[in-house]
Structure formats: structure tokens, C-alpha cells
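Heads up, the thing below is written out as C-alpha cells.
Not measured: the values here are computed from a predicted model. Starting from 1, each residue takes its place in the sequence as its number. Both counts, for ligands and for their atoms, begin at 1 and track the order of listing.
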Amino acid sequence: MSAQTSYENLKLQFTGDIAVLTLNRPDKLNSFTKVMHDELRSALTEIENSHVRAMILTGKGRGFCAGQDLGDEAFQLTDDFDAGDAIEQNYNPLIKRILAMPFPVIAAVNGVAAGAGANIALACDIVLAARSAKFIQAFAKIGLIPDAGGTWTLTRQVGMARAKGLAMLAEPISAETALDWGLIWQVVDDEELQSSALEMAHRLASQPTKAFAAIKQAMHAAANNSMESQLEVERELQSAASKTKDFREGVTAFMEKRGPVFKGE
Ligand code: T3D
């Protein structure tokens, strides 16, 4: 069963328990305009109100996303221009929504991911990249700093030395390097990216979704917690996980020597 909602700058497709959200401004490498941000907000609300158990974020054409559209009407260098406004209205809420989605969010990075586009991909739970994809912290080239969570994600995932190098040199790194540095989950051949992402999404959507939501919550909390506080977080989330139907099904299926049928309940 498949359904599609039309937007000007996005494509949103529901297939069973999966949502595929495609950024769709290929001639501008899917860079963000105000209209696209507005549409993305609506699309994410649609997804949140659906019964989705995994989603894919990808881009149309040769780019994943080149970050903010520098020619957009909302990015005019007027005297009172303040990049903090767009961060507050658009990028920060977007990253928080991706982190809070109660199911796995897969980024299928089909091509160049630059500026906020790179950091939106890196905020997703599982990042698959096409072999030809590149990641660029392009901000310093225009006198800005990594946003969309970049300074948080990079320092934790690749360490301070590489994070500063990426941010200050603003040079592209290949998908293979991103993999090597622990930024992403997997690199696949370009022509296999979309099928690999779909396969991954179907696989995750048939798993214990509530446990996945708790895994996200616990791991995000771990970034700032002491071991002692984190043990408490684990206790609370494990307590909730052990009340789910999927937990009962998992244990029962194991004892009965059959595969589990998880329903996300
Ligand atoms: O106020 C706020 O919103 C603050 C928030 C900021 C968040 C940010 O993301 S800041 C960073 C913004 N992004 C960039 O600075 C990246 C700019 N783009 C590039 O550096 C290059 O395009 C790439 C390295 C990504 C790719 O290079 P290449 O050679 O493969 O492609 P290209 O020829 O540069 O781009 C193709 C087309 O896309 C071209 O359009 P044209 O000339 O064919 O009509 C190019 O202008 C357009 N494009 C690419 N990125 C952007 C863009 N147009 C507007 N804004 C872009 N970001």
C-alpha cells in the first residue's frame, strides 16, 4: 500500500510502515528556502501523525542538500539580517524533531551534503551514503560556524581535532572517509543506495519500535550524563521496555524457537 503527498519542494511517500521524504530542488542541490522549511514542517507533522515505524530522508538528483539557499528571499543581507533567527525558527526545531522521532530515521545521502545539509544528515539515526557522496562543513567559507547541531555531533563523533579541521578548512570529505572516521554507518554503491535504504527501513520497521525510541532517548541522554545518571536512565527506559507487547513477543518467540513478530506495541 503506497500513498504520496505532493509538495512543491519535497516528495513524501508512505509505503506500509515506512515514510520516504525526498528533498526536491535538484537544480539547487536541494538547498533550503523558506518555502521548503515550511513544507518540511508540514511533512514531518504528517509523518508524526501516521503509523510510520521508520523513515528515510534523501535528496533528488546529484545532491543530498546544500544547506541554506544563499539566494533565497529569506537570506537577504539587509542591515538587520540575523542568521540566529533562521536557526531558531527552522534548523533547531528540525534537528530536535529528527532526534525525537519515536522510530529510526535513516539518511540516504545520495550526493553532496553541505552546510546544514550535512548536519541534518548526521542528526539521523542511521546514515547510509552513496560512494560518490561528500560531506562538507561549508560554513566557514561564508564566515559562519557549523549549525544544525554540527558542533555537537562532530566533536562527539570524530573528536575535537577532526571536528575543528572539518569546520575551519571547510573541505569536502568522501563517504569512505566519513565511514572511516565514524561519522556514518555504511557506504554503498550509488546505484544501490535507495534499495539499501528501503531494505534497511523495512527491516527496522518490523522490529520493536518502542525499544528503538527508548534506545534513541537513552543514547541522546548519555552524551551529557555521568555513568551514575545514565544507569538511572537505563533503569527507567528498560522498565518501560519490559512492559511492551514486543518484549513479551521477543522472549516468547525465543523460547518457542521461532522468529518474533513485533508490532511496535
Ligand atoms: O540564516 C540562515 O539560514 C543561517 C543558516 C545557515 C545554514 C547553512 O547551511 S550555511 C551553508 C550554506 N551552504 C553553502 O554554503 C554551500 C554552498 N554550495 C557549495 O559550496 C557548492 O554548491 C557545493 C560544494 C555544495 C557543490 O558544488 P558543485 O560544484 O558540485 O555544484 P554547484 O555548481 O556549486 O551547484 C549547483 C547549483 O546549485 C548551482 O546553481 P546554478 O549556478 O546551476 O544555477 C549553485 O548555485 C546551486 N547551489 C548550490 N548550493 C547552493 C546553491 N544555491 C543556493 N544556495 C546554496 N547553498
Side-chain angles (χ1 to χ4, degrees), residues 7-11 21-41 43-44 57-99 107-124 127 129-155 157-158 163-178 183-184 187 190 193:
Y7 292 96
E8 201 184 317
N9 301 145
L10 300 173
K11 271 204 295 188
L21 184 53
T22 306
L23 306 176
N24 191 17
R25 296 184 71 232
D27 53 328
K28 297 292 177 193
L29 302 181
N30 304 317
S31 54
F32 274 99
T33 57
K34 182 186 176 305
V35 174
M36 192 159 134
H37 274 298
D38 290 345
E39 290 189 346
L40 188 56
R41 266 189 285 278
L44 290 177
L57 179 63
T58 191
K60 177 133 193 236
R62 73 177 181 89
F64 172 75
C65 174
Q68 176 61 40
D69 184 321
L70 303 180
D72 187 42
E73 56 175 334
F75 199 86
Q76 297 302 310
L77 301 182
T78 52
D79 286 348
D80 62 348
F81 176 81
D82 183 343
D85 294 341
I87 305 279
E88 190 177 331
Q89 285 160 26
N90 300 321
Y91 293 101
N92 285 359
L94 170 59
I95 297 300
K96 287 182 196 169
R97 280 178 97 170
I98 291 172
L99 298 181
V109 183
N110 51 299
V112 64
N119 294 334
I120 290 165
L122 298 178
C124 294
V127 186
R131 206 165 295 286
S132 68
K134 289 182 185 143
F135 296 81
I136 315 176
Q137 296 295 321
F139 306 89
K141 287 194 174 173
I142 55 166
L144 293 181
I145 70 160
D147 58 23
T151 56
W152 193 95
T153 307
L154 293 171
T155 46
Q157 292 191 345
V158 300
K164 283 183 179 165
L166 286 171
M168 291 184 181
L169 299 173
E171 286 171 2
I173 57 166
S174 66
E176 290 289 357
T177 301
L183 261 181
I184 65 172
V187 177
D190 288 22
L193 178 70

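- Judged purely by atom type and a 3.5 angstrom limit, Asn30 uses its side chain to pair as donor or acceptor with the backbone of Arg25.
- What sits closest to atom 57 (N) of ligand 1 on the protein, heavy atoms only, is Gln68 O, 2.8 Å.
- When each of Thr58, Leu21, Thr22 is tested with Lys11 by the rule side-chain contact (heavy atoms from CB on, under 4.5 Å), just one qualifies, namely Thr22.
- Under a 4.0 Å criterion applied to the non-hydrogen atoms of Ile136, ligand 1 contributes the atoms 24 (C).
- Not a single N or O atom of Tyr91, backbone or side chain, sits closer than 3.5 Å to an N or O atom of ligand 1.
- Residue contact check: Ala86 has heavy atoms under 4.0 Å from atoms 1 (O), 2 (C), 3 (O) of ligand 1.
- Within ligand 1, the atoms closer than 4.0 Å to a non-hydrogen atom of Gly67 are 9 (O), numbered from 1 in the order shown.
- Interface of Ala83 with ligand 1, defined as ligand atoms under 4.0 Å from a residue heavy atom, comprises 1 (O), 4 (C).
- Minimum interatomic distance between Asn110 and Ala130 (heavy atoms only, all atoms of both residues): O-CB, 3.9 Å.
- Of all atoms in ligand 1, numbered sequentially from 1 with element shown, those under 4.0 Å from a heavy atom of Ala114 are 25 (C).
- Any N or O atom pair closer than 3.5 Å counts here, and Phe81 shares no such pair with ligand 1.
- The nearest heavy-atom contact from the protein to atom 54 (C) of ligand 1 is Asp69 OD1, 3.3 Å.
- Using the six-membered ring where Trp is involved, Phe75 and Phe81 have ring planes that are perpendicular, over 60° apart on the 30 and 60° scheme.
- In terms of heavy-atom proximity, Gly117 sits nearest to Phe64 at O-CE2, 3.4 Å.
- Protein heavy atom in closest approach to atom 35 (O) of ligand 1: Leu29 CD1, 3.6 Å.
- Between atom CG of residue Asp80 and atom CG of residue Leu77 there is a gap of 11.0 Å, rounded to the nearest 0.5 Å.
- Residue Phe75 touches ligand 1 through its side chain alone, judged by heavy-atom distances below 4.0 Å.
- Residue contacts with ligand 1: Ala66 is placed with a nitrogen or oxygen under 3.5 Å of a nitrogen or oxygen of the ligand (distance criterion only).
- The presence of a protein heavy atom under 4.0 Å from atom 24 (C) of ligand 1 is confirmed.
- The protein reaches atom 3 (O) of ligand 1 closely, with a heavy atom under 4.0 angstrom from it.
- Phe139 CD2, 3.7 Å is the protein heavy atom nearest to atom 10 (S) of ligand 1.
- Across Leu10 and Met36, no two heavy atoms sit closer than the pair CD2-CG, 4.4 Å.
- Closer than 4.0 Å to atom 43 (O) of ligand 1 lies none of the heavy atoms of the protein.
- For the pair Ala148 and Ile120, the tightest heavy-atom approach, listed with the atom from each and the gap, is CB-CG1, 4.4 Å.
- Closest protein heavy atom to atom 28 (P) of ligand 1: Arg62 NH2, 3.7 Å.
- For ligand 1, the polar-atom distance check finds no N/O of Leu144 at less than 3.5 Å from any of the ligand's N/O atoms.
- Nearest protein neighbour of atom 5 (C) of ligand 1, counting heavy atoms only, is Asp147 OD2, 3.5 Å.
- Counting only distance, with no hydrogens or angles, the side chain of Asn24 and the backbone of Lys60 share no donor-acceptor pair below 3.5 Å.
- Heavy atoms of Asp27 approach ligand 1 to within less than 4.0 angstrom.
- Atom 31 (O) of ligand 1 lies below 4.0 Å from at least one non-hydrogen atom of the protein.
- Counting only distance, with no hydrogens or angles, the side chain of Glu39 and the backbone of Tyr7 share no donor-acceptor pair below 3.5 Å.
- Leu70 CD1, 3.8 Å is the protein heavy atom nearest to atom 15 (O) of ligand 1.
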Show me the donor-acceptor pairs, under 3.5 Å and distance only, between side chains in residues 134-142 and residues at least two apart or in other chains.
residue: Gln137; atom: OE1; partner: Asn119; partner atom: ND2; Å: 3.1
residue: Gln137; atom: NE2; partner: Asn119; partner atom: OD1; Å: 2.8

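- In terms of protein heavy atoms, atom 48 (N) of ligand 1 is closest to Lys28 O, 4.0 Å.
- Polar contact with ligand 1: absent for Asp82 (N/O pair, distance under 3.5 Å).
- Taking all atoms of both residues into account, the shortest heavy-atom contact from Gln68 to His37 is OE1-NE2, 4.1 Å.
- Taking every heavy atom of both residues into account, Ala123 and Leu99 meet most closely at O-CD2, 3.7 Å.
- Annotation: salt bridge (Lys or Arg N to Asp or Glu O under 4.0 Å) contacts of Glu176 (sequence neighbours excluded): Arg131.
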